[in-house]
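Atoms within a ligand are numbered from 1 in the order they appear, just like the ligands themselves. For the single chain, residues carry numbers from 1 onward in sequence order.
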Amino acid sequence: MDILIVGSGGREHALAWKIRQSPLVERVWVAPGNAGIAECATCIPLRSDDTSGLAEFAVQHRVGLVVVGPEEPLTKGIADVLRARGLLVVGPGAAGARLEGSKSFAKGFCERHGIPTARGIRCEDVGTALAHVGDMGFPLVVKADGLAAGKGVVIATTQGEAVTAIESLAGRGSLLLEEFLRGSECSLLFLCDGKSVLPFAPARDYKRAEDGDVGPNTGGMGSFSPVPDVTSAVQRDAYEHIALRVLAGLADEQIDYRGVLYAGCMVTQDGVKVLEFNCRFGDPETQVLMPRIQGDLVPALVACAKGRLADAWLEWRDETAVCVQMVSSGYPAAPVTGMIIGGLDKVSQDVMVFHGGTRQEDDQLVTAGGRVLGITAIGATMAEARAGAYAGVSAIHFKGAQWRTDIASGMDATRKGEQT
Ligand code: AMP
Ligand code: GLY
């Protein structure tokens with residue numbers, strides 16, 4: 001079977017790397033891909049928003065499965081178009097992708113179906129939001145409704161900060177005011193075919209740009225899996241109270257959801273609660289999940305696309321994976337690109353280097369985006385995986401390279417075999 005992956009980041013590189021190991025797969029196409037992806041798949045010059053071009057390509061090349069990476073094409077309905085052409089797709093249609101595309105839809109969905117989440121007030125305009133500013137105490141979480149690449153959320157600790165946040169989000173559509181939840185965060189991903197869910201192992205990502213979780217929100221500075229405090233009891237809680245209720249809700253609202261359901265969760269004292277839904281694989285979570293899958297991923301992806309997920313399973317390696325993102329200077333606000341990347345040949349063979357923003361220019365590899373490379377290592381313990389990832393980082397150089405030095409630190413208590 002030939003598989004087409006849509007996207008061009010570290011997530012798509014990790015997917016291509018894993019998928020091409022499958023004995024079921026002959027050819028892996030990635031649109032548009034990047035310089036690293038070109039080493040394990042065939043990149044085609046079609047942008048991820050070129051829906052009709054991608055559909056045409058997939059039909060002409062008899063692609064057996066399309067896996068859509070980024071959220072934007074999904075919210076615009078790429079999966080509906082591809083399915084209408086008879087293609088098998090991992091990725092929900094526009095109706096399901098609203099779980100990510102509209103925070104107020106997601107909040108309403110949780111409320112309608114009893115899915116645990118932070119209490120929230122949906123406000124159609126700034127005036128309404130200002131009128132409700134004092135209703136839930138502080139800190140207060142202020143969220144813009146639509147896709148914002150991590151930039152649409154402000155945690156306001158005072159009334160003044162909340163007012164400023166609300167005013168700064170004016171013109172971005174409706175707003176959501178939310179109760180601040182305390183606890184530890186995790187990313188719980190499920191393959192979902194509308195009738196069944198198949199969980200991925202838990203992961204955690206680091207959203208803030210700087211060590212100690214300060215600085216601006218980013219697309220993700222690193223990740224690890226498994227997560228020591230996401231015990232099997234927490235996973236069961238999430239399966240029963242989040243995943244199964246989402247399935248019931250999707251059925252009730254007649255949404256045929258075939259793709260990845262990603263629940264960004266807070267493990268609180270009163271159980272796991274949803275902070276957000278994404279309608280796709282997480283990045284950089286996918287860069288630690290793919291290396292931990294034992295055996296083939298492709299049968300589960302095909303089962304998901306066909307609506308036969310009940311028959312599929314995934315096996316997980318016991319080991320821990322840690323990913324450290326190397327990013328461009330100026331990231332996330334204004335990444336400086338075009339820097340020559342060196343040292344990749346010095347990275348140990350067992351460390352995986354997933355490319356995000358890279359480009360081949362003549363015979364040189366140069367930076368071409370904010371998140372440049374994801375350096376992932378596997379180890380028997382968190383400490384071992386972390387040491388491997390940072391050894392990889394220190395071998396690589398490009399001008400202005402930045403990374404967090406505290407990814408997976410203080411997490412060494414992982415007991416082998418305790419989590420999946
Ligand atoms: P979101 O885009 O909704 O995931 O929010 C981005 C980040 O803001 C999350 O990863 C959390 O760190 C934080 N956040 C969002 N909502 C809440 C909440 N209700 N309570 C505490 N932190 C939150
Ligand atoms: N790691 C966060 C995301 O993929 O949205």
Participant: Please determine if R98 forms a cation-pi arrangement with F105, meaning its NZ or CZ atom is less than 6.0 Å from the six-membered ring centre and no more than 45° off the ring axis.
Facilitator: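 R98 over F105 ring: yes.
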
Participant: What about N217: any of its N or O atoms under 3.5 Å from an N or O on ligand 1?
Facilitator: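 Checking ligand 1 against N217, no N or O pair falls under 3.5 Å apart.
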
Participant: Answer yes or no: is there an ion pair linking R280 with E100, defined by an N-O contact shorter than 4.0 Å?
Facilitator: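 Salt bridge: yes.
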
Participant: May I ask you to decide whether K107 forms a salt bridge with E276, counting only side-chain N to carboxylate O separations under 4.0 Å?
Facilitator: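 No, no charged N to carboxylate O under 4.0 Å.
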
Participant: Is the shortest distance from a heavy atom of K103 to ligand 1 less than 4.0 Å?
Facilitator: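 Flag set, K103 near ligand 1.
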
Participant: Going by ring pair (Phe, Tyr, Trp, His ring centres under 6.0 Å), name the residues that satisfy it together with Y257, two or more places apart in sequence or in a different chain.
Facilitator: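 Partners of Y257 by the ring pair (Phe, Tyr, Trp, His ring centres under 6.0 Å) criterion come out as none, since no residue qualifies.
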
Participant: Among all residues two or more places apart in sequence or in another chain, which pass the ring pair (Phe, Tyr, Trp, His ring centres under 6.0 Å) test with F109?
Facilitator: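 Scan of F109 (ring pair (Phe, Tyr, Trp, His ring centres under 6.0 Å), adjacent residues dropped) gives H113.
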
Participant: Show the atoms of ligand 1 that are less than 4.0 angstrom away from any heavy atom in A118.
Facilitator: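 Numbered from 1, ligand 1 contributes 19 (N).
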
Participant: Do ligand 1 and L181 have nitrogen or oxygen atoms that lie under 3.5 Å from each other?
Facilitator: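 The answer is yes, given that L181 and ligand 1 share an N or O pair closer than 3.5 Å.
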
Participant: Out of E100, E178, E185, whose heavy atom is nearest to atom 11 (C) of ligand 1?
Facilitator: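 Heavy atom nearest to atom 11 (C) of ligand 1 belongs to E185.
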
Participant: Of all the atoms in ligand 1, which lie at a distance below 4.0 Å from a heavy atom belonging to F180?
Facilitator: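 Atoms satisfying the 4.0 Å criterion: 20 (N), 21 (C), 22 (N).
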
Participant: Taking 4.0 angstrom as the limit, do D270 and K273 come out as a salt bridge?
Facilitator: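 K273 and D270: salt-bridged.
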
Participant: Counting only heavy atoms not in R83 (residues, nucleotides, ligands), do more than 12 fall under 6.0 Å from its CZ?
Facilitator: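 Counting other residues, nucleotides and ligands, CZ of R83 exceeds 12 neighbours.
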
Participant: Within 45° of the axis and under 6.0 Å from the centre of the six-membered ring of W29, does NZ or CZ of R27 qualify?
Facilitator: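 Geometry flag: set, cation within 6.0 Å and 45°.
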
Participant: If you count the atoms of ligand 1 from 1 in the order shown, which ones are under 4.0 Å from a heavy atom of E276?
Facilitator: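 It comes down to these atoms of ligand 1: 1 (P), 2 (O), 3 (O), 4 (O).
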
Participant: Just to verify, what does V81 make a side-chain contact (heavy atoms from CB on, under 4.5 Å) with, not counting sequence neighbours?
Facilitator: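 V81 satisfies side-chain contact (heavy atoms from CB on, under 4.5 Å) with T51, A55 only.
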
Participant: Counting heavy atoms only, which part of V153 comes closer than 4.0 Å to ligand 1: side chain, backbone, both or neither?
Facilitator: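 For V153, only side-chain atoms sit under 4.0 Å from ligand 1.
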
Participant: Pick from V272, D237, V234, L181: which one makes a side chain to side chain contact (heavy atoms under 4.5 Å, CB included) with C265?
Facilitator: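 Among V272, D237, V234, L181, the one that satisfies the side chain to side chain contact (heavy atoms under 4.5 Å, CB included) with C265 is V272.
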
Participant: Measure from every N or O atom of ligand 2 to the protein's N or O atoms and keep only the pairs below 3.5 Å, writing each with atom names and distance to 0.1 Å.
Facilitator:
{"unit_1": "ligand 2", "atom_1": "1 (N)", "unit_2": "D205", "atom_2": "OD2", "d": "2.6"}
{"unit_1": "ligand 2", "atom_1": "1 (N)", "unit_2": "D283", "atom_2": "O", "d": "2.9"}
{"unit_1": "ligand 2", "atom_1": "1 (N)", "unit_2": "E285", "atom_2": "OE1", "d": "2.8"}
{"unit_1": "ligand 2", "atom_1": "1 (N)", "unit_2": "E285", "atom_2": "OE2", "d": "3.2"}
{"unit_1": "ligand 2", "atom_1": "4 (O)", "unit_2": "R280", "atom_2": "NH1", "d": "3.0"}
{"unit_1": "ligand 2", "atom_1": "4 (O)", "unit_2": "D283", "atom_2": "N", "d": "2.9"}
{"unit_1": "ligand 2", "atom_1": "4 (O)", "unit_2": "D283", "atom_2": "O", "d": "3.4"}
{"unit_1": "ligand 2", "atom_1": "5 (O)", "unit_2": "N278", "atom_2": "ND2", "d": "3.4"}
{"unit_1": "ligand 2", "atom_1": "5 (O)", "unit_2": "R280", "atom_2": "NH2", "d": "2.8"}

Participant: Ion pair present between K76 and E72, side-chain N to carboxylate O less than 4.0 angstrom?
Facilitator: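 The answer is yes: the pair qualifies as a salt bridge.
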
Participant: Check each atom of ligand 1 against the heavy atoms of K207 and keep those under 4.0 Å away; list them by number with element.
Facilitator: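 Listed by number with element: 10 (O).
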
Participant: Using heavy atoms and a threshold below 4.0 Å, how should the contact between K143 and ligand 1 be classified: side chain, backbone, both, or neither?
Facilitator: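 It is the side chain that touches ligand 1; the backbone stays farther off.
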
